[in-house]
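One-based numbering along the sequence shown. These numbers come from a predicted model, not from an experiment. All values below were derived from every heavy atom in this structure, side-chain atoms included, with hydrogens, water molecules and symmetry-related copies excluded.
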Amino acid sequence: MIEKINTLRQELENLSAANAAEVEALRIKYLSKKGSISALMNDFRTVPAEQKRELGQKLNELKEFATERIAALRAEAENASADGDRLDLSRDAAPVRLGSRHPLSLVREQIIDIFRRLGFTIAEGPEIEDDWHVFESLNFAADHPARDMQDTFFIARNPEVLLRTHTSSVQTRTMTTVKPPIRIICPGRVYRNEAISARAHCFFHQLEALYVDKHVTFADLRQTLLYFAREMFGPDTQIRLRPSYFPFTEPSAEMDISCGLCGGKGCSFCKGTGWVEILGCGMVDPNVLDACGIDSKEYTGFALGMGIERITNLKYLVNDLRLFSENDVRFLGEFTSAR
């Protein structure tokens with residue numbers, strides 16, 4: 001027993017550690033419940049009674065020495081780490097990696113800038129909305145599919161409170177509180193109960209525009225759309241309007257732009273048609289104006305709405321919506337030189 005004690009003490013005197021992890025490993029080896037000193041303590045039970053006093057004292061001294069030695073090694077490792085973390089003023093400056101704005105933010109600001117030049121101002125509203133502002137005031141029928149739980153996120157199964165499915169709710173809030181003329185754009189995040197894939201997501205971003213005044217016509221809408229398309233995609237961009245249906249506009253249309261890759265000749269990107277759909281639009285339905293307290297016999301208006309992800313896809317040829325929300329630095333790094 002005395003020989004084992006002397007051997008362990010010699011080992012402890014020669015211990016060294018380069019970092020805190022090595023110190024912890026030594027503590028476990030010598031001082032833990034299954035360590036070398038605990039093993040000697042267990043062997044102490046078999047020592048003859050006449051030797052217990054002497055050996056017990058030596059064991060206690062060994063444990064105290066081990067504890068002090070481990071503590072000293074820990075202090076040395078901490079001091080070495082602190083010295084390594086000190087600022088070395090003699091070193092050359094390390095290059096700082098510059099980040100970039102998210103592609104959705106870049107496109108959103110570009111769209112806003114275009115409409116600001118046309119006199120539109122930004123209007124915002126809550127993402128948690130009520131049924132009246134999202135559906136009822138916008139002429140949605142009671143049995144419209146958008147009001148089903150498989151299409152919309154309702155809050156606590158309350159059919160009157162939901163996550164907005166479009167930023168048109170901002171338009172109705174504005175029309176109920178502001179007298180015409182109204183000229184606003186409504187950017188924001190919206191939510192729909194859809195499976196996440198390369199082409200769809202449960203949340204995305206929209207930007208809608210509303211113009212209400214006396215004598216607003218479809219010609220005003222078309223000219224606004226043409227200006228936006230050419231400012232966004234280039235001066236040679238052409239547009240076409242196809243009849244469509246939306247509950248809150250009448251007449252309604254969907255707008256296509258000439259494919260920027262093939263110049264309208266037809267390619268795989270535009271599926272050989274030469275056209276790419278980018279947004280929906282139309283004249284505000286008189287029922288919507290009346291529901292919001294605006295006299296539809298005196299005022300008319302147009303509205304349009306687009307998905308910011310859709311515009312970003314077209315501008316930067318991104319083919320997977322999931323890339324916008326995964327925060328992959330390799331993807332985001334591709335936009336460091338974008339405007």
>> With clusters defined by side-chain heavy atoms of hydrophobic residues (ILVMFWY) lying less than 4.5 Å apart, directly or transitively, does Phe140 cluster with Val190?
In response: no
>> Using the rule that Ile, Leu, Val, Met, Phe, Trp and Tyr join whenever any side-chain heavy atoms are under 4.5 Å apart, tell me whether Ile184 and Val178 fall into a single cluster.
In response: yes
>> Working note: Phe228 + Phe115, criterion ring-ring contact (aromatic ring centres under 6.0 Å, His included); need CA distance, chi angles, decisive distance, verdict.
In response: CA-CA 7 Å; Phe228 164 73; Phe115 279 97; 5.5 Å; yes
>> Donor-acceptor pair, distance only, cut-off 3.5 Å: does the side chain of Thr167 make one with the backbone of Leu207?
In response: no
>> Is it the case that the side chain of Asp285 and the backbone of Glu250 share a donor-acceptor pair, with hydrogens and angles ignored and the cut-off at 3.5 Å?
In response: no
>> The test is side-chain contact (heavy atoms from CB on, under 4.5 Å); show your working for Cys281 and Thr249 and say whether it passes.
In response: CA-CA 7 Å; Cys281 60; Thr249 54; over 6 Å; no
Taking everything shown except [X] itself, do over 12 heavy atoms lie less than 6.0 Å from its [atom1]?
X	atom1	result
Gln57	CD	no
Arg222	CZ	no
Ile28	CD1	yes

> Taking NZ, NE, NH1 and NH2 as the nitrogens, is one of them in Glu277 or Arg310 under 4.0 Å from a carboxylate oxygen of the other?
Replying inline: no
>> One thing to verify: whether Asp130 and Arg173 come together as a salt bridge, which I'm taking to mean a side-chain N less than 4.0 angstrom from a carboxylate O.
In response: yes
>> Let's go through Phe302 and Thr224 carefully: what are the C-alpha distance in whole Å and the side-chain angles of both, what is the deciding distance for side-chain contact (heavy atoms from CB on, under 4.5 Å) to 0.1 Å, and is it a yes or a no?
In response: CA-CA 10 Å; Phe302 67 71; Thr224 300; 3.7 Å; yes
>> What verdict does the side-chain contact (heavy atoms from CB on, under 4.5 Å) test give for Asn313 and Phe324, after you've listed the backbone C-alpha separation in whole Å, the side-chain angles of each residue and the deciding distance to 0.1 Å?
In response: CA-CA 10 Å; Asn313 285 347; Phe324 292 129; 3.3 Å; yes
> For Phe246 and Ala253, which heavy atoms make the closest approach, and how far apart are they?
Replying inline: CE1-O, 3.5 Å
> Could you go step by step and tell me if His166 and Phe248 meet the side-chain contact (heavy atoms from CB on, under 4.5 Å) rule?
Replying inline: CA-CA 12 Å; His166 47 197; Phe248 38 87; 4.2 Å; yes
> Does any donor atom in the side chain of His201 or Glu194 lie under 3.5 Å from an acceptor atom in the other side chain?
Replying inline: no
